[in-house]
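To keep things clear, I will list the structure first and then write my remarks on it.
This one's a predicted model, so the numbers in the text were calculated from it and none came from an experiment.
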Amino acid sequence: MKQASLVKSLTAVGIGVGASAAAIWLTSKPNRILAKDVLRDWKRKVKPSPFDKSENLPIEKGGHPHPRDIEDNNMVSEGALYSVQFFNEKVQ
């Protein structure tokens, strides 16, 4: 029983010392920047963003059709018609 109490006490002291050392280390701006970069890298390794996973980005044409690409120009020009028609049907 006494040994369990000693382990808990030492653990609490260790956590306190570690937190104090981290607080002192983080008072320097270069150390804060370094810590932020390390945490950002760890986050990216654990949960990568969709942009990190995708090999198809950036999209080359993305809303900017070539003036001589007739089919693509027609598709872009008709794109807004669907939403306008949908709104008109709901209102009327």
Side-chain angles (χ1 to χ4, degrees):
M1 197 67 170
K2 194 173 186 180
Q3 186 177 6
S5 175
L6 179 65
V7 170
K8 288 181 183 178
S9 303
L10 290 176
T11 302
V13 168
I15 290 172
V17 168
S20 299
I24 291 170
W25 188 73
L26 288 172
T27 57
S28 171
K29 188 167 184 158
N31 290 342
R32 284 193 305 265
I33 293 171
L34 178 66
K36 191 166 94 173
D37 291 342
V38 168
L39 289 175
R40 186 182 310 124
D41 290 343
W42 284 354
K43 181 182 171 189
R44 284 186 182 150
K45 286 180 183 177
V46 172
K47 184 182 175 190
S49 72
F51 298 111
D52 293 339
K53 290 181 185 178
S54 178
E55 296 176 4
N56 298 332
L57 294 176
I59 298 170
E60 295 296 325
K61 282 176 77 171
H64 302 288
H66 192 273
R68 293 194 180 119
D69 189 0
I70 303 299
E71 292 178 8
D72 198 27
N73 285 328
N74 288 337
M75 180 185 68
V76 170
S77 68
E78 293 171 358
L81 293 179
Y82 177 77
S83 58
V84 171
Q85 182 182 10
F86 181 79
F87 176 76
N88 287 339
E89 288 175 359
K90 287 289 185 183
V91 171
Q92 296 170 354

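- When the side-chain contact (heavy atoms from CB on, under 4.5 Å) test is applied to Ile33, the partners found at least two apart in sequence or on another chain are Lys29, Asp37.
- Applying the side-chain contact (heavy atoms from CB on, under 4.5 Å) rule to Ser28 yields the partners Pro30, Asn31; only residues at least two apart in sequence or on another chain are considered.
- Residues passing the side-chain contact (heavy atoms from CB on, under 4.5 Å) test with Ala22, sequence neighbours excluded: none.
- Hydrophobic clustering, defined by side-chain heavy atoms of Ile, Leu, Val, Met, Phe, Trp and Tyr closer than 4.5 Å, groups Val17 together with Val13.
- Looking at residues two or more places apart in sequence or on another chain, you find a side-chain contact (heavy atoms from CB on, under 4.5 Å) between Thr11 and Val7, Ile15.
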